[in-house]
Structure formats: structure tokens, C-alpha cells
Visitor: 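One structure is given below, represented as C-alpha cells, and several questions about it will come after.
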Amino acid sequence: MRKIIFVTGNPHKVREAGDILSHVGITVEQNNCGYPELQENELEPIASFGARWAADKLDSEVMVDDSGLFIGALGGFPGPYSAYVFDTLGNERILKLMEGETNRRAVFKCVIGYCRPGEEPYLFSGEVAGEIANESRGSGGFGYDPIFAVGGMTFGEMVEEEKNRLSHRYAALSKFALWLKKGH
Ligand code: ITT
């Protein structure tokens with residue numbers, strides 16, 4: 001089994017990535033060393049810089065995951081600021097911001113950055129379209145899962161395998177896995 005170091009402070013991401021990548025013979029190991037998160041309007045440069053920085057710091061091949069929830073009616077907010085907004089506002093106050101809003105469309109995006117020491121990073125992105133639920137539902141998953149719904153069900157209401165079959169992370173990791181399988 002090939003083992004890739006996953007630099008993240010979020011154990012839920014590691015668990016999901018571990019599940020998804022185990023099907024293609026890859027295991028992931030969490031490293032909590034962190035990386036400087038650029039302030040950018042897109043996820044790609046954040047993942048790119050982070051992957052390169054961590055590969056050089058750990059002198060090993062690494063992957064990072066930068067994800068964000070882009071809410072249409074809020075002009076794409078919180079997008080790349082999703083972690084900060086989750087920590088400061090949280091789901092209930094996002095639902096308040098969305099009160100009376102009929103356009104509930106949102107997109108969850110994930111960008112996986114992969115890098116080897118001294119090399120250029122590679123990026124793999126995935127997204128899933130969904131809606132902001134009217135209320136928080138379900139206790140599964142993490143973060144925005146209880147308020148992000150696909151096909152009428154929130155990620156929080158889904159069992160892990162269901163979320164992992166249709167999530168933004170699954171979409172990004174599938175591309176990554178395919179690329180690795182080609183011998184990279
Ligand atoms: P690292 O940067 O250390 O990897 P993080 O949790 O800060 O961990 P992000 O910046 O990518 O990661 O996360 C943005 C926010 O979106 C954060 O609050 C996450 O909890 C949340 N999030 C990311 N993926 C999610 C998912 O699949 N379902 C629900 N919320 C998610």
C-alpha cells in the first residue's frame with residue numbers, strides 16, 4: 001500500500017480521504033504540522049502554496065485539502081474563508097443570513113494539493129452542487145454538513161459512504177487517485 005502524508009488539522013478529512021483512497025490501494029497518514037494559509041479569493045493558490053510549503057518542510061511527498069462552501073445568494077460567501085466563518089459564525093448564523101432567501105443554491109468545492117520536495121505542486125479539484133437547508137439536519141459528518149443538502153438530504157443526514165460517493169472531496173480525490181494510478 002502506498003502511504004501519503006496528509007497535512008491537515010482536520011481528522012474528519014483524513015478519515016474521508018482514507019475511505020475514498022483505500023479503494024485504490026492508498027493509505028493516508030495525518031500530519032498536523034500545518035501550513036501558512038494565503039488570503040486568496042480562490043482555493044487553488046491556498047492548496048498550491050500549502051502543499052509546496054509542507055513538502056519542503058517535511059521533506060516528503062504530501063497532500064493538503066483546501067475546501068470551501070460557496071453560497072450563491074451571498075455572492076459566494078464564505079468560499080475560501082469557510083474555516084474562519086465556521087469558527088466565528090457557525091451554521092445557525094449562516095442559516096439566519098439565509099432567512100427568507102429563496103435562492104438556496106450552493107456549491108461545495110475541494111482542492112487537493114499534492115507535492116514532492118523541490119517540485120511544483122499538482123492540483124485536483126472537485127465540486128458538488130447542492131442547497132442550503134432551511135434548518136440544520138443530521139448529526140453525521142462535520143462542519144457545514146448539517147446545512148448542506150444534495151437531493152433533499154443534508155450531508156449530516158447521510159451515512160459516511162453516501163457522502164463519500166458524491167462529495168466534493170470524493171470528486172477531487174478520484175482525479176488524484178487516477179493520476180497516481182498512471183504511475184505518478
Ligand atoms: P485544514 O485547513 O487543517 O485542512 P480546516 O478544517 O481548517 O482544516 P478548510 O480550511 O479546508 O479546513 O475548511 C474550511 C471549512 O469548511 C472548515 O470549517 C471545515 O470544517 C469545513 N469543511 C471542509 N470540508 C467539509 C465537508 O466535507 N463538509 C462540511 N464542512 C466541511
Side-chain angles (χ1 to χ4, degrees), residues 4-21 28-55 57-58 62-71 74 76-95 106-115 121 123-133 136-151 153-174 176:
I4 297 182
I5 294 176
F6 187 178
V7 179
T8 175
N10 186 330
H12 301 282
K13 285 183 178 178
V14 181
R15 188 182 156 104
E16 290 186 2
D19 271 1
I20 295 165
L21 291 175
V28 293
E29 181 184 288
Q30 180 174 13
N31 184 296
N32 218 338
C33 73
Y35 53 86
E37 291 212 18
L38 300 184
Q39 282 214 0
E40 294 275 353
N41 294 328
E42 307 284 341
L43 304 176
E44 284 80 2
I46 303 172
S48 175
F49 183 86
R52 190 177 194 149
W53 189 93
K57 177 173 168 78
L58 299 176
V62 299
M63 58 181 278
V64 303
D65 164 328
D66 199 48
S67 298
L69 177 63
F70 296 74
I71 302 177
L74 303 180
F77 177 87
Y81 308 106
S82 292
Y84 179 69
V85 169
F86 185 79
D87 292 343
T88 52
L89 294 183
N91 286 338
E92 288 311 316
R93 281 167 77 187
I94 294 205
L95 289 176
V107 176
F108 227 130
K109 295 186 187 172
C110 170
V111 178
I112 299 293
Y114 168 83
C115 196
L123 298 180
F124 306 88
S125 56
E127 58 181 62
V128 56
E131 295 187 335
I132 300 302
S136 182
R137 298 200 312 262
S139 55
F142 65 99
Y144 296 102
D145 281 346
I147 66 166
F148 182 77
V150 176
M153 226 174 154
T154 69
F155 274 171
E157 290 176 303
M158 295 180 190
V159 295
E160 204 165 275
E161 300 82 64
E162 263 180 292
K163 177 187 172 188
N164 286 349
R165 269 203 307 269
L166 37 92
S167 76
H168 49 312
R169 185 157 295 107
Y170 171 75
L173 287 171
S174 301
F176 179 44

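Only heavy atoms go into these numbers, but all of them, side chains included; no hydrogens, no water, no symmetry mates. Both ligands and their constituent atoms are indexed starting at 1 by order of listing.
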Visitor: Hey, does Ile147 have a side-chain heavy atom less than 4.5 Å from the side chain of Leu95?
Guide: yes

Visitor: Please collect all salt bridge (charged side-chain N to carboxylate O under 4.0 Å, His left out) contacts where either partner lies in residues 81-90, sequence neighbours excluded, each pair once.
Guide: none

Visitor: Just to verify, what does Phe6 make a ring-ring contact (aromatic ring centres under 6.0 Å, His included) with, not counting sequence neighbours?
Guide: none

Visitor: Any chance you could measure Ile112, atom CD1, to Asp66, atom CG, to the nearest 0.5 Å?
Guide: 9.5 Å

Visitor: Can you produce the list of protein nitrogen or oxygen atoms under 3.5 Å from a nitrogen or oxygen of ligand 1, alongside each distance?
Guide:
residue, atom, partner, partner atom, Å
ligand 1, 2 (O), Glu37, OE2, 3.0
ligand 1, 3 (O), Thr8, OG1, 3.4
ligand 1, 3 (O), Gly9, N, 2.8
ligand 1, 4 (O), Thr8, OG1, 2.6
ligand 1, 4 (O), Lys13, NZ, 2.8
ligand 1, 6 (O), Asn10, ND2, 3.0
ligand 1, 11 (O), Lys13, NZ, 2.8
ligand 1, 11 (O), Ser67, N, 2.9
ligand 1, 12 (O), Lys13, NZ, 2.8
ligand 1, 24 (N), Arg169, NH2, 2.9
ligand 1, 27 (O), Lys163, NZ, 2.7
ligand 1, 27 (O), His168, NE2, 3.1
ligand 1, 27 (O), Arg169, NH1, 2.9
ligand 1, 28 (N), Asp145, OD1, 2.6
ligand 1, 28 (N), Lys163, NZ, 3.3
ligand 1, 30 (N), Tyr144, N, 3.0

Visitor: Got a sec, which pairs hit side chain to side chain donor-acceptor pair (under 3.5 Å) with one end in residues 32-46, sequence neighbours left out?
Guide: Asn41-Tyr81

Visitor: What is the distance from atom OG of Ser174 to atom CG of Leu21, rounded to the nearest 0.5 Å?
Guide: 8.5 Å

